[in-house]
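Taking it in order: structure first as C-alpha coordinates, then the write-up.
Nothing here was measured: the structure is a model prediction, and the numbers come from that model.
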Amino acid sequence: MTRSVRTPAPTPAFDDTAGGLASLAAVAPAGLADDILVETGLVDRMAPFASPIGTLWVAWNGRGVSEVDLADDGPAAVARHEARSRRRTLLASALPEHLADAIARRLAGQRRVRIPLDLRGRTGFEVAVWTKALEIPRGEVRPYGWVAAEIGRPKAVRAVGTALGHNPVPLIVPCHRVVRTDGTIGQYSLGGPANKWTILAGEGVDPAALEDAARRGERLLGSATTRIVCWPTCRNARRIEPRNRVPFRSLRDANAAGYRACKVCRPTSIEAAA
Amino acid sequence: MDDSTLAEHLARDLDGTFESLVHAHVDRCYAIALRVLGNPHDAEEVAQDALVRAYRALAGYEPARIRELRLRAWLTTIVVNLCRNRGRRHAPPMTPLGSLAELGAEPATDPSSDPATLAAQADQRERLGALLAALPERYRIPVVLRHVDDLSYAELSLVLGRPEGTLKAQVHRGLAMLRAAAAGTGLEEMTA
(Lines give C-alpha, C1' and ligand atoms only; values in the text may rest on other atoms or scores of the structure.)
Protein backbone atom coordinates (compact mmCIF):
# COMPACT_ATOMS: atom_id res chain seq x y z
CA MET A 1 0.00 0.00 0.00
CA THR A 2 2.66 2.51 1.03
CA ARG A 3 4.91 1.82 -1.94
CA SER A 4 2.23 3.06 -4.28
CA VAL A 5 2.01 6.36 -2.42
CA ARG A 6 3.75 9.15 -4.21
CA THR A 7 5.23 11.46 -1.61
CA PRO A 8 5.91 14.98 -2.78
CA ALA A 9 9.19 16.56 -1.76
CA PRO A 10 8.98 18.59 1.46
CA THR A 11 8.58 22.31 0.95
CA PRO A 12 8.31 25.22 3.37
CA ALA A 13 4.54 25.11 2.94
CA PHE A 14 4.64 21.48 4.05
CA ASP A 15 6.05 22.48 7.42
CA ASP A 16 3.54 25.27 7.73
CA THR A 17 0.75 22.75 7.24
CA ALA A 18 2.09 20.86 10.24
CA GLY A 19 2.30 24.09 12.21
CA GLY A 20 -1.28 24.93 11.32
CA LEU A 21 -2.38 21.49 12.45
CA ALA A 22 -0.81 21.97 15.87
CA SER A 23 -3.20 24.89 16.30
CA LEU A 24 -6.09 22.43 15.93
CA ALA A 25 -5.44 21.03 19.39
CA ALA A 26 -8.66 21.77 21.25
CA VAL A 27 -9.78 22.23 24.83
CA ALA A 28 -12.52 19.87 25.96
CA PRO A 29 -15.87 21.50 26.75
CA ALA A 30 -16.29 22.67 30.35
CA GLY A 31 -17.87 19.93 32.40
CA LEU A 32 -16.64 17.00 30.29
CA ALA A 33 -14.13 15.93 32.95
CA ASP A 34 -16.91 16.00 35.59
CA ASP A 35 -19.25 14.04 33.30
CA ILE A 36 -16.58 11.36 32.99
CA LEU A 37 -15.98 11.21 36.74
CA VAL A 38 -19.73 10.97 37.42
CA GLU A 39 -20.08 8.21 34.85
CA THR A 40 -17.32 6.17 36.50
CA GLY A 41 -18.95 6.64 39.92
CA LEU A 42 -16.05 8.64 41.40
CA VAL A 43 -18.17 11.80 41.67
CA ASP A 44 -21.93 12.08 42.31
CA ARG A 45 -24.55 14.57 41.26
CA MET A 46 -27.54 15.54 43.40
CA ALA A 47 -30.82 17.12 42.31
CA PRO A 48 -34.26 17.85 43.81
CA PHE A 49 -37.32 15.71 43.21
CA ALA A 50 -40.82 16.64 44.42
CA SER A 51 -42.63 14.11 46.62
CA PRO A 52 -45.71 14.03 48.91
CA ILE A 53 -43.47 14.42 51.98
CA GLY A 54 -41.44 17.34 50.63
CA THR A 55 -38.48 17.90 48.34
CA LEU A 56 -36.34 14.82 48.04
CA TRP A 57 -32.68 15.14 47.09
CA VAL A 58 -31.55 12.31 44.89
CA ALA A 59 -27.84 11.54 44.40
CA TRP A 60 -26.67 9.46 41.46
CA ASN A 61 -23.66 8.56 39.32
CA GLY A 62 -23.00 6.26 36.37
CA ARG A 63 -23.52 3.19 38.54
CA GLY A 64 -26.96 4.21 39.74
CA VAL A 65 -28.85 6.12 42.41
CA SER A 66 -26.71 6.36 45.53
CA GLU A 67 -28.93 8.23 47.98
CA VAL A 68 -32.39 9.66 48.55
CA ASP A 69 -32.57 12.23 51.31
CA LEU A 70 -35.02 14.75 52.66
CA ALA A 71 -33.45 18.19 53.05
CA ASP A 72 -34.45 21.84 53.12
CA ASP A 73 -31.93 22.86 50.51
CA GLY A 74 -29.41 21.50 48.04
CA PRO A 75 -26.19 22.57 49.75
CA ALA A 76 -27.31 20.88 52.99
CA ALA A 77 -28.20 17.69 51.12
CA VAL A 78 -24.90 17.74 49.24
CA ALA A 79 -22.87 18.29 52.40
CA ARG A 80 -24.57 15.34 54.12
CA HIS A 81 -24.15 13.11 51.08
CA GLU A 82 -20.47 13.99 50.72
CA ALA A 83 -19.87 13.19 54.38
CA ARG A 84 -21.64 9.83 54.06
CA SER A 85 -20.36 8.75 50.64
CA ARG A 86 -16.93 10.42 50.81
CA ARG A 87 -17.41 11.39 47.16
CA ARG A 88 -17.32 14.88 45.73
CA THR A 89 -20.93 15.76 44.91
CA LEU A 90 -22.12 18.31 42.36
CA LEU A 91 -25.42 20.08 42.76
CA ALA A 92 -27.61 19.77 39.67
CA SER A 93 -30.84 21.57 38.85
CA ALA A 94 -32.76 18.43 37.90
CA LEU A 95 -32.46 14.68 37.54
CA PRO A 96 -31.81 13.29 34.06
CA GLU A 97 -35.20 12.89 32.42
CA HIS A 98 -35.07 9.09 32.20
CA LEU A 99 -34.18 8.81 35.88
CA ALA A 100 -36.87 11.26 37.02
CA ASP A 101 -39.38 9.35 34.93
CA ALA A 102 -38.29 5.96 36.32
CA ILE A 103 -38.47 7.19 39.92
CA ALA A 104 -41.91 8.73 39.37
CA ARG A 105 -43.16 5.45 37.94
CA ARG A 106 -41.63 3.42 40.76
CA LEU A 107 -43.29 5.68 43.35
CA ALA A 108 -46.56 5.26 41.48
CA GLY A 109 -46.31 1.54 42.13
CA GLN A 110 -44.64 0.10 39.02
CA ARG A 111 -42.25 -2.34 40.62
CA ARG A 112 -40.69 -3.48 37.37
CA VAL A 113 -39.28 -0.11 36.41
CA ARG A 114 -35.53 -0.57 36.36
CA ILE A 115 -33.65 1.88 38.57
CA PRO A 116 -29.96 1.00 38.91
CA LEU A 117 -28.63 1.54 42.43
CA ASP A 118 -25.10 2.26 43.55
CA LEU A 119 -24.81 0.08 46.66
CA ARG A 120 -21.01 -0.07 46.86
CA GLY A 121 -19.78 -0.76 50.37
CA ARG A 122 -23.06 -2.28 51.55
CA THR A 123 -23.18 -5.76 53.05
CA GLY A 124 -24.75 -8.75 51.35
CA PHE A 125 -27.24 -8.93 54.23
CA GLU A 126 -28.33 -5.32 53.73
CA VAL A 127 -28.73 -5.82 49.99
CA ALA A 128 -30.77 -8.99 50.60
CA VAL A 129 -33.10 -7.08 52.97
CA TRP A 130 -33.58 -4.21 50.53
CA THR A 131 -34.14 -6.56 47.61
CA LYS A 132 -36.84 -8.35 49.60
CA ALA A 133 -38.49 -5.03 50.51
CA LEU A 134 -38.73 -4.33 46.77
CA GLU A 135 -41.07 -7.31 46.42
CA ILE A 136 -43.73 -5.75 48.63
CA PRO A 137 -46.35 -4.19 46.37
CA ARG A 138 -47.64 -0.66 46.74
CA GLY A 139 -50.59 -0.59 49.12
CA GLU A 140 -49.31 -3.54 51.19
CA VAL A 141 -47.08 -3.95 54.22
CA ARG A 142 -45.13 -6.85 55.77
CA PRO A 143 -43.50 -7.20 59.21
CA TYR A 144 -39.74 -7.17 59.82
CA GLY A 145 -40.01 -10.80 60.87
CA TRP A 146 -41.40 -11.74 57.46
CA VAL A 147 -38.41 -10.14 55.71
CA ALA A 148 -36.03 -11.96 58.07
CA ALA A 149 -37.69 -15.30 57.41
CA GLU A 150 -37.91 -14.74 53.66
CA ILE A 151 -34.17 -14.08 53.32
CA GLY A 152 -33.41 -17.22 55.32
CA ARG A 153 -32.38 -15.41 58.53
CA PRO A 154 -35.51 -15.84 60.69
CA LYS A 155 -33.77 -14.82 63.90
CA ALA A 156 -32.23 -11.66 62.46
CA VAL A 157 -35.36 -9.53 62.98
CA ARG A 158 -33.53 -6.72 64.76
CA ALA A 159 -30.77 -6.72 62.11
CA VAL A 160 -33.45 -6.44 59.43
CA GLY A 161 -34.79 -3.35 61.20
CA THR A 162 -31.30 -1.87 61.32
CA ALA A 163 -30.67 -2.62 57.64
CA LEU A 164 -33.97 -0.97 56.68
CA GLY A 165 -33.04 2.04 58.82
CA HIS A 166 -29.81 2.29 56.81
CA ASN A 167 -31.58 2.08 53.46
CA PRO A 168 -29.78 4.79 51.45
CA VAL A 169 -32.53 5.00 48.84
CA PRO A 170 -35.86 5.16 50.75
CA LEU A 171 -39.00 5.30 48.60
CA ILE A 172 -37.08 3.75 45.67
CA VAL A 173 -36.50 0.75 47.93
CA PRO A 174 -39.82 0.85 49.83
CA CYS A 175 -38.63 0.22 53.37
CA HIS A 176 -41.74 2.16 54.47
CA ARG A 177 -43.73 -0.98 53.56
CA VAL A 178 -42.03 -2.96 56.32
CA VAL A 179 -43.70 -2.56 59.71
CA ARG A 180 -42.96 -3.80 63.20
CA THR A 181 -43.56 -7.44 63.91
CA ASP A 182 -46.05 -6.48 66.66
CA GLY A 183 -48.20 -4.87 63.96
CA THR A 184 -47.46 -1.23 64.73
CA ILE A 185 -46.18 0.98 61.92
CA GLY A 186 -42.77 1.65 63.49
CA GLN A 187 -39.85 3.97 62.76
CA TYR A 188 -38.85 5.59 59.50
CA SER A 189 -35.47 6.95 58.43
CA LEU A 190 -36.80 9.60 56.06
CA GLY A 191 -37.93 12.23 58.55
CA GLY A 192 -39.62 9.98 61.13
CA PRO A 193 -42.79 7.87 61.61
CA ALA A 194 -45.22 10.64 60.56
CA ASN A 195 -43.78 10.48 57.05
CA LYS A 196 -44.17 6.69 57.02
CA TRP A 197 -47.88 7.16 57.79
CA THR A 198 -48.25 9.80 55.08
CA ILE A 199 -46.55 7.65 52.46
CA LEU A 200 -48.47 4.49 53.37
CA ALA A 201 -51.78 6.39 53.41
CA GLY A 202 -50.89 7.81 49.99
CA GLU A 203 -50.39 4.27 48.76
CA GLY A 204 -53.83 3.17 49.94
CA VAL A 205 -52.93 1.58 53.29
CA ASP A 206 -54.90 2.64 56.39
CA PRO A 207 -52.14 2.70 59.04
CA ALA A 208 -54.51 3.52 61.91
CA ALA A 209 -56.83 0.62 61.06
CA LEU A 210 -53.83 -1.72 60.82
CA GLU A 211 -52.54 -0.69 64.23
CA ASP A 212 -56.04 -1.01 65.76
CA ALA A 213 -56.45 -4.51 64.34
CA ALA A 214 -53.00 -5.53 65.62
CA ARG A 215 -53.92 -4.19 69.08
CA ARG A 216 -57.01 -6.40 69.04
CA GLY A 217 -54.72 -9.32 68.21
CA GLU A 218 -55.93 -9.56 64.63
CA ARG A 219 -52.63 -10.17 62.82
CA LEU A 220 -53.85 -12.32 59.94
CA LEU A 221 -57.02 -12.40 57.93
CA GLY A 222 -58.67 -15.58 56.67
CA SER A 223 -61.47 -16.17 54.19
CA ALA A 224 -64.30 -18.37 55.46
CA THR A 225 -65.03 -19.46 51.84
CA THR A 226 -61.51 -20.32 50.60
CA ARG A 227 -60.08 -21.14 54.04
CA ILE A 228 -56.89 -19.30 53.08
CA VAL A 229 -55.15 -16.95 55.52
CA CYS A 230 -53.20 -13.81 54.51
CA TRP A 231 -51.42 -10.72 55.79
CA PRO A 232 -54.27 -8.20 56.11
CA THR A 233 -52.96 -5.95 53.30
CA CYS A 234 -52.37 -8.81 50.84
CA ARG A 235 -54.34 -8.24 47.65
CA ASN A 236 -56.10 -11.56 48.27
CA ALA A 237 -57.12 -10.54 51.80
CA ARG A 238 -58.53 -7.24 50.59
CA ARG A 239 -60.90 -9.06 48.25
CA ILE A 240 -62.55 -11.04 51.08
CA GLU A 241 -66.20 -9.99 51.60
CA PRO A 242 -66.61 -8.39 55.05
CA ARG A 243 -69.01 -11.16 56.15
CA ASN A 244 -66.44 -13.84 55.29
CA ARG A 245 -63.48 -12.23 57.08
CA VAL A 246 -62.01 -14.34 59.88
CA PRO A 247 -59.15 -12.70 61.84
CA PHE A 248 -56.42 -14.79 63.48
CA ARG A 249 -53.80 -14.02 66.12
CA SER A 250 -51.18 -16.31 64.57
CA LEU A 251 -50.67 -18.75 61.77
CA ARG A 252 -50.77 -21.57 64.29
CA ASP A 253 -54.31 -20.57 65.29
CA ALA A 254 -55.30 -20.35 61.62
CA ASN A 255 -53.84 -23.77 60.84
CA ALA A 256 -55.60 -25.23 63.85
CA ALA A 257 -58.86 -23.84 62.42
CA GLY A 258 -58.14 -25.58 59.11
CA TYR A 259 -56.84 -22.57 57.17
CA ARG A 260 -53.77 -22.72 54.93
CA ALA A 261 -51.30 -19.90 54.24
CA CYS A 262 -51.71 -17.71 51.15
CA LYS A 263 -49.08 -18.52 48.55
CA VAL A 264 -48.79 -14.89 47.49
CA CYS A 265 -48.09 -13.16 50.80
CA ARG A 266 -46.70 -16.25 52.57
CA PRO A 267 -47.66 -15.58 56.21
CA THR A 268 -46.00 -18.90 57.11
CA SER A 269 -42.62 -17.36 57.18
CA ILE A 270 -43.19 -15.20 60.20
CA GLU A 271 -43.98 -18.12 62.52
CA ALA A 272 -40.37 -18.54 63.64
CA ALA A 273 -39.99 -14.86 64.43
CA ALA A 274 -43.41 -13.94 65.76
CA MET B 1 2.74 14.35 37.09
CA ASP B 2 4.27 12.51 34.11
CA ASP B 3 2.66 9.40 32.69
CA SER B 4 4.90 6.84 34.36
CA THR B 5 4.34 8.48 37.77
CA LEU B 6 0.63 8.60 37.00
CA ALA B 7 0.66 4.90 36.09
CA GLU B 8 2.43 4.12 39.35
CA HIS B 9 -0.20 6.04 41.34
CA LEU B 10 -3.04 4.42 39.38
CA ALA B 11 -1.62 1.00 40.19
CA ARG B 12 -1.63 1.83 43.89
CA ASP B 13 -4.91 3.74 44.14
CA LEU B 14 -7.08 3.76 41.04
CA ASP B 15 -10.05 5.62 42.53
CA GLY B 16 -7.85 8.23 44.18
CA THR B 17 -5.79 8.89 41.06
CA PHE B 18 -8.19 8.54 38.16
CA GLU B 19 -9.29 12.16 38.39
CA SER B 20 -5.68 13.25 37.72
CA LEU B 21 -5.60 11.01 34.66
CA VAL B 22 -8.81 12.59 33.39
CA HIS B 23 -7.50 16.12 33.86
CA ALA B 24 -4.18 15.26 32.24
CA HIS B 25 -5.70 13.63 29.16
CA VAL B 26 -9.27 14.83 28.59
CA ASP B 27 -8.30 17.74 26.32
CA ARG B 28 -6.13 15.62 24.04
CA CYS B 29 -8.69 12.79 23.89
CA TYR B 30 -11.28 15.37 22.89
CA ALA B 31 -8.98 17.08 20.37
CA ILE B 32 -8.10 13.79 18.66
CA ALA B 33 -11.75 12.76 18.44
CA LEU B 34 -12.76 16.23 17.23
CA ARG B 35 -10.19 16.25 14.46
CA VAL B 36 -10.76 12.66 13.42
CA LEU B 37 -14.57 12.91 13.46
CA GLY B 38 -14.89 16.60 12.57
CA ASN B 39 -17.88 17.06 14.87
CA PRO B 40 -17.79 18.50 18.44
CA HIS B 41 -20.83 16.57 19.64
CA ASP B 42 -19.48 13.18 18.54
CA ALA B 43 -16.04 14.14 19.84
CA GLU B 44 -17.43 14.86 23.29
CA GLU B 45 -19.20 11.51 23.40
CA VAL B 46 -16.14 9.63 22.22
CA ALA B 47 -13.82 11.36 24.70
CA GLN B 48 -16.21 10.57 27.55
CA ASP B 49 -16.73 6.99 26.44
CA ALA B 50 -12.97 6.46 26.02
CA LEU B 51 -12.07 7.63 29.51
CA VAL B 52 -14.96 5.73 31.12
CA ARG B 53 -13.82 2.59 29.31
CA ALA B 54 -10.27 3.28 30.44
CA TYR B 55 -11.46 3.42 34.05
CA ARG B 56 -13.37 0.15 33.76
CA ALA B 57 -10.40 -1.54 32.10
CA LEU B 58 -8.00 -0.29 34.77
CA ALA B 59 -10.37 -1.53 37.48
CA GLY B 60 -9.90 -5.04 36.08
CA TYR B 61 -6.11 -4.90 35.63
CA GLU B 62 -3.49 -6.19 38.04
CA PRO B 63 -1.30 -3.38 39.47
CA ALA B 64 1.74 -4.76 37.61
CA ARG B 65 -0.09 -4.41 34.31
CA ILE B 66 -1.13 -0.83 35.09
CA ARG B 67 2.48 0.13 35.93
CA GLU B 68 3.62 -1.06 32.53
CA LEU B 69 0.99 0.85 30.58
CA ARG B 70 2.15 3.60 28.27
CA LEU B 71 -0.86 5.72 29.17
CA ARG B 72 -0.64 8.23 26.35
CA ALA B 73 -0.53 5.62 23.60
CA TRP B 74 -3.00 3.34 25.40
CA LEU B 75 -5.66 6.06 25.81
CA THR B 76 -5.12 7.16 22.23
CA THR B 77 -5.77 3.61 21.05
CA ILE B 78 -9.11 3.60 22.85
CA VAL B 79 -10.08 6.97 21.35
CA VAL B 80 -9.04 5.95 17.84
CA ASN B 81 -10.94 2.65 18.04
CA LEU B 82 -14.09 4.42 19.21
CA CYS B 83 -13.75 6.97 16.41
CA ARG B 84 -13.44 4.17 13.89
CA ASN B 85 -16.46 2.31 15.27
CA ARG B 86 -18.49 5.48 15.11
CA GLY B 87 -17.30 6.10 11.57
CA ARG B 88 -18.53 2.65 10.63
CA ARG B 89 -21.85 3.02 12.40
CA HIS B 90 -22.80 6.39 10.99
CA ALA B 91 -21.92 6.80 7.35
CA PRO B 92 -18.88 9.06 7.38
CA PRO B 93 -19.50 12.57 6.09
CA MET B 94 -17.11 12.20 3.21
CA THR B 95 -17.33 15.54 1.50
CA PRO B 96 -14.99 15.49 -1.46
CA LEU B 97 -11.85 17.45 -0.73
CA GLY B 98 -12.22 19.54 -3.87
CA SER B 99 -15.64 20.91 -3.00
CA LEU B 100 -14.58 21.62 0.56
CA ALA B 101 -11.68 23.61 -0.73
CA GLU B 102 -14.08 25.61 -2.84
CA LEU B 103 -16.51 26.10 0.02
CA GLY B 104 -14.27 26.80 2.92
CA ALA B 105 -10.77 27.69 1.93
CA GLU B 106 -9.33 31.00 0.91
CA PRO B 107 -10.14 31.94 -2.66
CA ALA B 108 -8.40 29.53 -4.98
CA THR B 109 -7.30 32.52 -7.02
CA ASP B 110 -4.33 32.78 -4.69
CA PRO B 111 -2.68 29.38 -4.83
CA SER B 112 0.22 30.56 -2.70
CA SER B 113 -1.96 30.90 0.42
CA ASP B 114 -0.90 28.04 2.68
CA PRO B 115 -2.57 26.32 5.67
CA ALA B 116 -0.56 28.27 8.22
CA THR B 117 -2.26 31.44 7.03
CA LEU B 118 -5.62 29.73 7.23
CA ALA B 119 -4.93 28.67 10.78
CA ALA B 120 -4.03 32.16 11.92
CA GLN B 121 -7.60 32.81 13.02
CA ALA B 122 -10.34 30.76 14.61
CA ASP B 123 -12.57 30.48 11.57
CA GLN B 124 -9.54 29.59 9.55
CA ARG B 125 -8.78 26.83 12.02
CA GLU B 126 -12.31 25.63 11.50
CA ARG B 127 -11.72 25.45 7.77
CA LEU B 128 -8.50 23.57 8.24
CA GLY B 129 -10.35 21.21 10.57
CA ALA B 130 -12.96 20.63 7.89
CA LEU B 131 -10.30 19.87 5.32
CA LEU B 132 -8.63 17.49 7.75
CA ALA B 133 -11.94 15.75 8.50
CA ALA B 134 -12.39 15.17 4.78
CA LEU B 135 -9.06 13.34 4.37
CA PRO B 136 -9.39 9.59 3.87
CA GLU B 137 -9.20 7.88 7.27
CA ARG B 138 -5.90 6.10 6.71
CA TYR B 139 -4.20 9.49 6.26
CA ARG B 140 -6.39 11.51 8.56
CA ILE B 141 -5.77 9.49 11.72
CA PRO B 142 -1.95 9.42 11.46
CA VAL B 143 -1.90 13.14 10.60
CA VAL B 144 -4.08 14.00 13.60
CA LEU B 145 -2.03 11.88 16.00
CA ARG B 146 1.30 13.16 14.71
CA HIS B 147 0.56 16.83 14.15
CA VAL B 148 -2.48 17.76 16.25
CA ASP B 149 -1.56 15.61 19.23
CA ASP B 150 2.20 15.49 18.70
CA LEU B 151 2.61 11.75 19.29
CA SER B 152 5.97 10.33 18.22
CA TYR B 153 6.14 7.88 15.33
CA ALA B 154 7.02 5.17 17.85
CA GLU B 155 3.78 5.92 19.71
CA LEU B 156 1.84 6.10 16.44
CA SER B 157 3.15 2.69 15.56
CA LEU B 158 1.91 1.34 18.91
CA VAL B 159 -1.51 2.88 18.48
CA LEU B 160 -2.12 2.02 14.85
CA GLY B 161 -0.14 -1.21 14.62
CA ARG B 162 1.64 -0.12 11.45
CA PRO B 163 5.40 0.19 10.87
CA GLU B 164 6.89 3.63 11.45
CA GLY B 165 8.00 3.87 7.83
CA THR B 166 4.46 3.33 6.61
CA LEU B 167 3.16 5.92 9.02
CA LYS B 168 5.74 8.49 7.99
CA ALA B 169 4.69 8.04 4.38
CA GLN B 170 1.01 8.28 5.27
CA VAL B 171 1.52 11.44 7.31
CA HIS B 172 3.61 12.91 4.54
CA ARG B 173 0.99 12.09 1.96
CA GLY B 174 -1.83 13.35 4.17
CA LEU B 175 -0.11 16.70 4.66
CA ALA B 176 0.46 17.04 0.95
CA MET B 177 -3.21 16.35 0.28
CA LEU B 178 -4.23 18.91 2.88
CA ARG B 179 -1.94 21.51 1.44
CA ALA B 180 -3.31 20.87 -2.01
CA ALA B 181 -6.89 20.98 -0.76
CA ALA B 182 -6.30 24.26 1.00
CA ALA B 183 -4.86 25.73 -2.14
CA GLY B 184 -7.77 24.39 -4.16
CA THR B 185 -5.51 22.56 -6.61
CA GLY B 186 -5.85 19.27 -8.47
CA LEU B 187 -6.79 16.79 -5.80
CA GLU B 188 -8.37 14.21 -8.07
CA GLU B 189 -4.96 13.41 -9.41
CA MET B 190 -3.38 13.02 -5.96
CA THR B 191 -6.06 10.80 -4.52
CA ALA B 192 -6.27 8.62 -7.61
Contacting region of B:Val22 [heavy-atom separation from chain A under 4.5 Å]: side chain
Pick from B:Val26, B:Val148, B:Asp149: which one has the most heavy-atom pairs with chain A under 4.5 Å? B:Val148
Of all of B:Asp150, B:Ile32, B:Leu51, B:Val143, which one pairs up most often with chain A through heavy atoms under 4.5 Å apart? B:Leu51
Heavy-atom pair count under 4.5 Å with chain B, highest-scoring of A:Asp35, A:Leu42, A:Val43: A:Leu42
Taking the side chain as everything from C-beta on, heavy atoms only, tell me whether B:Pro163 gets closer than 4.5 Å to B:Thr166. yes
Let me know if B:Asp15 has heavy atoms under 4.5 Å from chain A in its side chain, its backbone, both or neither. both
Please state whether the rings of B:Tyr61 and B:Trp74 are parallel, tilted or perpendicular, taking 30° and 60° as the class boundaries. tilted
Go through the atoms of B:Arg56 and report whether side chain, backbone, both or neither lie under 4.5 Å from a heavy atom of chain A. side chain
Quick one: what part of A:Leu37 sits under 4.5 Å from any heavy atom of chain B, side chain, backbone, both or neither? side chain
With the threshold set at 4.0 Å, does a side-chain nitrogen-carboxylate oxygen contact exist between B:Glu19 and A:Arg88? yes
Is there a side-chain contact between A:Asp118 and A:Trp60 (heavy atoms, below 4.5 Å)? no
Identify which of A:Gly62, A:Ala33, A:Ala28, A:Ala25 forms the greatest number of heavy-atom pairs closer than 4.5 Å to chain B. A:Ala28
Ion pair present between B:Glu137 and B:Arg84, side-chain N to carboxylate O less than 4.0 angstrom? yes
Is there a side-chain contact between A:Arg45 and A:Thr89 in this structure, where contact means two heavy atoms from C-beta onward sitting under 4.5 Å apart? no
